[in-house]
Amino acid sequence: MVDEKKLTPKSENYSEWYNQLVQRAELADYAPVRGCMVVRPYGWALWENIQDALDSRFKATGHVNAAFPLFIPMSFLEKEKEHVEGFSPELAVVTIGGGSELEEPLIVRPTSETIIGYMYSKWIQSYRDLPVLINQWGNVVRWEMRTRLFLRTLEFYWQEGHTAHATPEEAEEETLRMLNIYTDFAVNEAAVPVIPGRKSESEKFAGAVHSYTIEAMMGDKKALQAGTSHNLGQNFAKAFDIDYLDENNTLQHCWTTSWGLSTRFIGAIIMTHGDDQGLILPPRLAPTQIIIVPIFRKDDEQQQVMAVVERIKNELHDFRVKVDDRTEVTPGFKFNQWELRGVPLRLEIGPKDVANNSVALARRDIPGREGKSFVPQAGIAQTVSEMLDAIQANMLEKATQFRDEHIYEPKDYDEFKEIIQNDGWCYVWWKPNAENEAAIKEETKATLRCIPLDQPGGKGKCIFSGEESDQKVYFAKAY
RNA sequence: CGGGGCGUGGCACAGCCCGGUAGUGCGCACGGUUCGGGUCCGUGAGGUCAUCGGUUCAAAUCCGAUCGCCCCGACCA
């Protein structure tokens with residue numbers, strides 16, 4: 001018999017582990033409509049912390065938030081040829097409104113370049129109006145065939161930034177600035193090590209001149225595109241007449257960008273850090289950073305313990321802290337439940353601690369006895385603060401180590417195939433060629449994840465064609 | 001849309017082959033017990049067996065159709 005209290009181990013069935021974890025940690029649930037997701041309060045609290053971390057970075061670089069409509073006229077999408085080709089297979093279309101057939105079908109936005117481009121064309125007249133730096137928090141719909149909670153659902157929540165600039169240099173600078181913000185967020189807030197890089201021609205966004213990505217390695221070694229930033233050149237400006245008069249009174253097309261990060265990132269956090277006990281959340285993003293579990297048997301013990309618990313809780317007011325004072329479940333039950341939900345630090349206070357002026361600390365990132373320590377009640381805020389920092393740092397270090405251990409540099413294509421077969425990543429010299437890329441995908445299921453910004457320099461022979469090239473790239477199987 | 005599987009209390013499943021008044025575990029409610037790693041015991045609530053039709057004295061079980069879901073492929077933040 002399977003122990004229903006335990007998660008299916010990662011090593012046994014990774015996707016089952018993932019699904020059980022998401023649902024039992026109460027992050028999200030399946031909705032009545034196939035492929036749709038209900039984000040539960042705990043999952044949404046995590047998303048709100050992600051939003052705050054990103055929003056503060058956006059604001060610091062001059063961006064503002066706004067909201068654009070959910071419905072977009074079908075004709076808007078058709079104005080940019082590559083864009084409509086890329087998105088039409090996955091559109092949800094509304095044809096009836098208020099009981100009668102609409103003159104023009106509306107699509108539920110799969111992304112907002114078109115409607116925002118349309119508005120920008122009205123707002124922008126002069127070079128003095130530029131740059132326009134707007135971000136939107138919202139939801140979009142893409143009718144995907146196979147779905148998974150957070151990673152790919154019919155509807156998902158994200159932010160999409162859309163900017164317009166006077167020059168190609170400014171647009172490229174913006175595209176890279178936002179990529180760097182994503183990288184900074186992923187590494188320093190989520191403890192998810194990512195590789196920032198450029199997408200190949202075949203993998204880029206429909207309608208972009210070029211796309212950048214942050215690529216992360218999940219616990220099963222598959223790659224996950226965790227955020228994207230696109231330089232749209234003048235493609236959308238031309239399609240939507242986003243024009244301005246420059247200093248010389250000459251009409252010019254704008255240069256635009258777009259960049260997005262979605263609730264998929266929650267999937268990245270789960271699959272980067274989670275273990276067989278459940279979630280492990282980075283302290284900087286965890287909705288609850290510290291859970292206090294009081295332990296007592298008799299009434300008089302309860303009073304003494306709760307007095308200490310209250311005092312400690314007040315001392316920790318600078319942290320996101322909760323007390324689990326339920327009496328209907330045992331401490332052991334609570335330990336397991338909060339571990340499942342990934343709370344970084346657990347604080348136990350029992351009769352022994354009352355007597356010794358101590359508390360027991362258990363860190364989530366180090367399971368078992370090694371992660372447990374007893375510390376004095378005095379100076380608890382300082383102790384806890386340092387430990388949360390240590391957890392955050394350790395999570396990043398562990399994830400980085402795991403990733404680096406599974407990136408290989410094959411000598412030849414045979415070795416390449418063998419590595420991909422075992423789900424490793426390949427870091428190889430590459431001569432850009434869409435046909436060769438397709439051939440590799442066909443044969444191995446691996447895709448060109450990115451051309452990293454950080455290049456080693458020098459030259460080498462392309463892993464596939466043998467031609468000389470000056471760039472190295474990553475290939476891997478991906479979500 | 002191609003290949004495979006499954007629909008039975010909230011969840012996970014047994015029962016179906018060989019028709020005879022619906023079962024187990026988890027969860028839930030109540031009482032007690034326990035509480036420093038998912039306590040234990042007792043009592044109880046909860047299901048027109050996916051739907052429609054057929055065979056039969058009798059259908060969760062046999063036959064037919066329909067619907068839905070899951071897994072494997074093609075598409076993808």
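When heavy atoms are screened at a 4.0 angstrom cut-off, A/Arg346 is found touching base atoms of the nucleic acid. The residue A/Lys352 sits close to a base: some heavy atom pair falls under 4.0 Å. At a threshold of 4.0 angstrom between heavy atoms, the contacts of A/Ala226 with the nucleic acid are absent. When heavy atoms are screened at a 4.0 angstrom cut-off, A/Gly350 is found touching base atoms of the nucleic acid. The residue A/Leu261 sits apart from the nucleic acid: no heavy atom pair falls under 4.0 Å.
The ring pair (Phe, Tyr, Trp, His ring centres under 6.0 Å) test with A/Phe475 is passed by exactly one of A/Trp430, A/Trp425, A/Tyr427: A/Trp430.
The pair A/Asp300-A/Lys298 does not count as a salt bridge, with every side-chain nitrogen at least 4.0 angstrom from each carboxylate oxygen.
A/Phe156 qualifies as a stacking partner of the B/rA77 base, centre to centre under 5.5 Å and near-parallel within 30°.
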#### Entry: ring-ring contact (aromatic ring centres under 6.0 Å, His included) between A/Phe185 and A/Phe265, intermediate numbers included
CA-CA 11 Å; A/Phe185 160 77; A/Phe265 204 93; 5.0 Å; yes
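Across the P atoms, B/rA29 and B/rC52 are found 33 Å apart, a figure rounded to whole Å.
B/rG23 is paired with B/rC13 under the criterion used here, namely a Watson-Crick or G-U wobble arrangement in which both key atom distances are under 3.5 Å. Across the strands present, B/rC69 finds its partner in B/rG5; the criterion is a Watson-Crick or G-U wobble pair with both atom distances under 3.5 angstrom.
Neither OP1 nor OP2 of B/rU34 sits under 4.0 Å from any side-chain N or O of A/Thr330.
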